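Step one of this worksheet: look at the structure below.
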Amino acid sequence: MKKNAIRILILLGITLSTSTSITASTTVLAQTDNKTETRINKEDSKLRKVNQTLSRKLYTKHQAHHDWSKFIKNLRLLKNNQIEIYVNSNFLKLKEQQRQDIINQVQLFTIRTTDYFKDFDQAAYLEGLPTITFCNGNYLGRSKYLNNKEFIWYN
C-alpha cells in the first residue's frame with residue numbers, strides 16, 4: 001500500500017511540474033507573438049499610407065491629363081518593393097515600345113512618390129523596381145528577372 005501511495009505521489013508531482021512548464025512556455029510564446037504582431041501591424045500601416053499616397057498622386061496626374069496616366073487605373077507597392085500596375089484596355093492597343101516607356105514612367109513615378117517612406121537608394125532609380133502588370137483582371141506582363149526596365153508581355 002505504501003508503495004502504491006509513493007508511486008501516486010511521484011506521478012502527481014511529475015504531472016504538476018510538467019503542466020507548470022507547459023503553461024510557462026505558452027505564456028512566453030504569446031508575448032513573442034504579440035511583439036511580432038505589433039511590428040507587422042506597423043509595417044502594414046506604413047505600406048497602407050504609401051499606397052494611399054500613390055493613389056492620391058496618381059489621381060492628381062489624371063486630373064492634369066499626363067499622357068502616361070490615362071492608361072493607368074491603379075498602382076500598388078507590395079511589401080517586397082514590387083509594383084502592381086493595373087492598366088485599362090486602351091493600353092493593349094499600344095506598341096510594345098510605348099508600353100515599355102509608360103511602365104518605366106510609372107516605375108519612376110512610384111519610386112519618387114514613395115521615396116519619403118521607403119528611402120530608396122540610387123540603384124532603385126537607375127534599375128527600377130520589379131513590376132507586374134494587369135489588365136481587366138488578367139495577368140498582362142512583368143519586368144524581366146534581372147532587368148526591371150525591360151518587360152515580358154503575355155497577350
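In what follows, residues are counted from 1 in the order of the sequence shown. Since this is a predicted model, take the numbers as computed values, not measurements. Every heavy atom of this structure was used, including side-chain atoms; hydrogens, water molecules and symmetry mates were not.
- The shortest distance between side-chain heavy atoms of Leu140 and Tyr154 does not fall below 4.5 Å.
- When all heavy atoms of Ser143 and Pro130 are compared, the closest pair comes out as OG-CA, 3.5 Å.
- Under a hydrophobic clustering in which Ile, Leu, Val, Met, Phe, Trp and Tyr are joined whenever their side-chain heavy atoms come within less than 4.5 Å, directly or via other members, Phe151 and Ile132 fall into different clusters.
- In this structure, Thr113 and Thr110 have side chains that are not in contact, with every pair of non-hydrogen atoms separated by 4.5 Å or more.
- Between the NZ atom of Lys70 and the CZ atom of Phe91 there is a distance of 13.0 Å, given to the nearest 0.5 Å.
- Grouping the Ile, Leu, Val, Met, Phe, Trp and Tyr side chains by contacts below 4.5 angstrom, directly or via other members, places Val106 apart from Leu78.
- Note on Ile152 and Tyr139: same hydrophobic cluster, where clusters join Ile, Leu, Val, Met, Phe, Trp and Tyr whose side-chain heavy atoms are under 4.5 Å apart, directly or indirectly.
- In this structure, the side chains of Phe120 and Leu129 come closer than 4.5 Å at one or more pairs of heavy atoms.
- Classified by interplanar angle (parallel below 30°, tilted 30° to 60°, perpendicular above 60°), the ring pair Tyr86/Phe134 is parallel.
- Ile102 contributes atom CD1, which lies 14.0 Å from atom CZ of Phe109 (distance to the nearest 0.5 angstrom).
- Annotation: the span from Lys61 atom NZ to Gln105 atom CD amounts to 9.5 Å, rounded to 0.5 Å.
- Sorted by first and then second residue, the salt bridge (Lys or Arg N to Asp or Glu O under 4.0 Å) pairs involving residues 113-131 (not counting sequence neighbours) form an empty list.
- In this structure the side chain of Leu58 never reaches within 4.5 angstrom of the side chain of Lys73, judged on heavy atoms.
- Side-chain atoms of Thr60 come within 3.5 Å of backbone N or O of Arg56 as a donor-acceptor pair.
- Note on Leu77 and Tyr59: separate hydrophobic clusters, where clusters join Ile, Leu, Val, Met, Phe, Trp and Tyr whose side-chain heavy atoms are under 4.5 Å apart, directly or indirectly.
- Between Thr131 and the options Lys144, Gln82, Gln107, Arg142, a side chain to side chain donor-acceptor pair (under 3.5 Å) holds for only Gln107.
- The line from NZ of Lys149 to CG of Asp101 is 10.5 Å long, rounded to the nearest 0.5 Å.
- Taking the side chain as every heavy atom from C-beta outward, Ile83 and Ile103 never approach each other to under 4.5 Å.
- Atom NE2 of His62 and atom CD1 of Ile72 lie 7.5 Å apart (nearest 0.5 Å).
- Shortest non-hydrogen contact noted between Ser55 and Asn74 is OG-OD1, 3.9 Å.
- Contact annotation: the side chain of Arg99 never approaches that of Phe71 to less than 4.5 Å [non-hydrogen atoms, C-beta and beyond].
- Here the CG-CG distance, from Leu108 to Leu126, works out to 10.0 Å after rounding to the nearest 0.5 Å.
- Applying the side chain to side chain donor-acceptor pair (under 3.5 Å) rule to Tyr145 yields no partners; only residues at least two apart in sequence or on another chain are considered.
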